[in-house]
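Contents: one structure, followed by commentary.
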Amino acid sequence: MTKGARQPFRTAVLILVWGWLLMLVLAPNLLVVGTSVLSRDPAEFIRLPFTLDNYIRLMDPLYLDVFLHSLYMAAVTTICCLIIGYPFAWALSRVSKRRQTLLVFLLIVPFWTNSLVRTYALKLLLATNGLINNALLAIGVIDEPLTLLYTELAVIIGLVYLLLPFMILPLYSVFDDLRDELLLASHDLGAGRWSTFVHVVVPLTLPGVLAGVLLVLLPAMGMFYVADVLGGSRNLLVGNVIKNQFLDARDWPFGAAASVLLTVAMAVLLFAHRLSRRRLGEEGG
Amino acid sequence: MTQTLLSLRNVSKQFDGKTVLDALDLDIQDGEFLTLLGPSGCGKTTLLRLLGGFEHPDSGTLVLSGEDITAKPPEHRPLNTVFQHYALFPHMTVFDNVAYGLKMEKRPADEIRQRVSEALALVQLDDFARRKPHQLSGGQQQRVAIARAVVKRPKLLLLDEPLSALDYKLRRTMQIELKRLQRELGITFVFVTHDQEEALSMSDRVVVLKDGKVQQLGTPREIYERPANLFTARFVGETNFFPGVVSRIDDEHIAVDVQGLLRHLRKPTFDVRVGQPVHVLLRPEDIRVLEPTADHGFTGKVIERNYKGSTLDSLIRLDSGQEVLASEFFDEDDPTFDYRLGEPVRVSWVDGWEWLLPEELNEAEVLSDDLNAEAPAGDD
């Protein structure tokens, strides 16, 4: 039987996939979770006994402030990405197929350059005697250079710049699936543009919106190098806290606890996304 | 009784310089079942989209019950569409799909509930109101699409090849169902199809379209029995064409020389003169296949036979080289009748059953195109 002949290949593929997931996804995450409930050791990084102190310390107003500020910047980033990405993705799905391929390609091109390098490039643009200030001075819009770098705005610009494609691509995918006939049917049944948008377009693109939010919000909280390069000392992200705990404070258990918190937040959002897709009954219809 | 509901005057539409509708005039009567029939790219779908308001004509006017609706958007036209792929909203239940149009009219909730259940009862889907479209079969989705359109009580229902995605059996059932609905609701139906059988069996009147022009407008019987031109004759049903020359004319009859045989035929509606070439059209079921010993008809040989259940279709090559399709019903007296391939026969018909058409310009093109061999989906 062909099933018998395919068995070895099947087994090999399954072992590879499961091995990969166990080694590189499950094991590291278990190590992080495990570390988060251990105590700090100055020499060996971690030691017994088990404790929940690290999680309790996360509730410290100092860290809570960082977390909330980080969440706030990530949320603003997400909203900006959504405001730019939603119409962009809609327009993208409306142009001819050949143009679509080209535009999606252009969207992906920046990924070929390391994002840290691109962040430094952004720094050159935003600096006090950077390109933007010089240009604005030259055309006489401003008399003195603006303070762009090392501000909250700079961090948000950086995050939006780096994460926008992650918002556009899932949105493009849902807009691409949105059949013209549904919009025509809505108009046919007496709905104007606004009603059609609210009752048909928004609900049908919601899974894409949630996927985009998922792909922007959490990474935005973790991209410590953006805050490092563009934000100065006051605009920290949760990612900075985690990085500092591991590299500077040498407090691995506490860093791990902060990391677990982010992972749990991700899981909650993933669950919400799944729920919304199921509500639409996936494909069909 | 026959009151005009919607009239199109001189309507033209071009896409990328290609004329899709060419100065079209059409009157749609109140309460009729009108079918737009034609091959791929004939303009029937574009015409339907113009009626729905999804496209606007380059020139010409659309007048609905005395009101010019040419520039009106779809949401302000008192007519509704059943789309080819149903276009049900996948995130809404069957109930919400049907209620959508009424909610847009801001009807009170009680009235909406009442009218939606009536519409669902009409298409026999009362028990499915809570389901999502993807939980329904193709036929059921089709019914929801119809309920969603008729719940608005439109003056005109537009149906864009609504049965093309269904299998043969379901298609037959839905054809009967649609006719019943149309009778019960008294709504005017404009139905688009490329399936001539469907057009003939369902319609009060059929519009045969080609190259954006009306080829013929008439009842199914007129279209089938008295085609206005060679295109209609070829597109609707199977037809045998015999070339002939008019040899004598009197008050009611003409004599036509058909490949050496003189036949006395009814005088056609067009003007004829002696010596004029004409086409003698005969449907396969009007062809008589006779014993080779018969004293009239063309001689030929059976080259193909095709058992169809209720009929036996045979292809006969005449000595002239022409091929003739004959369709004969099985006879109770001789249930086993059949032909051998290569069997010599004679082919004739009863004078008066034929239909005459004059020669046309470019007729070679019309006669050679394989009109019926088109893909079922993706018109225009």
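Convention: sequence-line order gives letters A, B, ...; per-chain numbering from 1. The shown structure was predicted, so the numbers you read here are calculated from the model rather than taken from an experiment.
With rounding to the nearest 0.5 Å, the separation of CD in B:Glu75 from CZ in A:Arg193 is 8.0 Å. Between the NE2 atom in B:His91 and the NE2 atom in A:His199 there is a gap of 9.0 Å [rounded to 0.5 Å]. Rounding to the nearest 0.5 angstrom, the gap separating the CD atom in A:Glu181 from the CG atom in B:Asp160 is 7.5 Å.
When each of B:Thr81, B:Val82, B:Val151 is checked for heavy-atom pairs under 4.5 Å with chain A, B:Thr81 comes out on top.
A:Ala185 and B:Arg148 get closest at one heavy-atom pair: CB-NH2, 3.6 Å.
At a threshold of 4.5 Å between non-hydrogen side-chain atoms, the residues B:Phe54 and A:Asp180 do not count as touching. A:Leu184 places none of its side-chain heavy atoms less than 4.5 Å from the side chain of B:Pro74. The closest side-chain heavy-atom distance from A:Ser195 to B:Met104 is below 4.5 Å. Counting heavy atoms from C-beta on, the side chains of B:Phe89 and A:Ser186 come closer than 4.5 Å.
By the 6.0 Å contact criterion, CE on A:Met23 is open, its count of non-hydrogen atoms from other residues, nucleotides or ligands being 12 or less. Counting non-hydrogen atoms of other residues, nucleotides and ligands closer than 6.0 Å to CZ of A:Arg99 gives a total of 12 or fewer. The local environment of OH in A:Tyr72 is sparse, with at most 12 non-hydrogen atoms from other residues, nucleotides or ligands closer than 6.0 Å.
Looking at B:Leu79, only its backbone comes within 4.5 Å of chain A, counting heavy atoms on both sides. Residue contact with chain A, scored on non-hydrogen atoms closer than 4.5 Å, involves the side chain of B:Arg49 exclusively.
Put simply, the side chain of A:Asp188 never gets that close to the backbone of B:Asn80: no donor and acceptor are under 3.5 Å apart.
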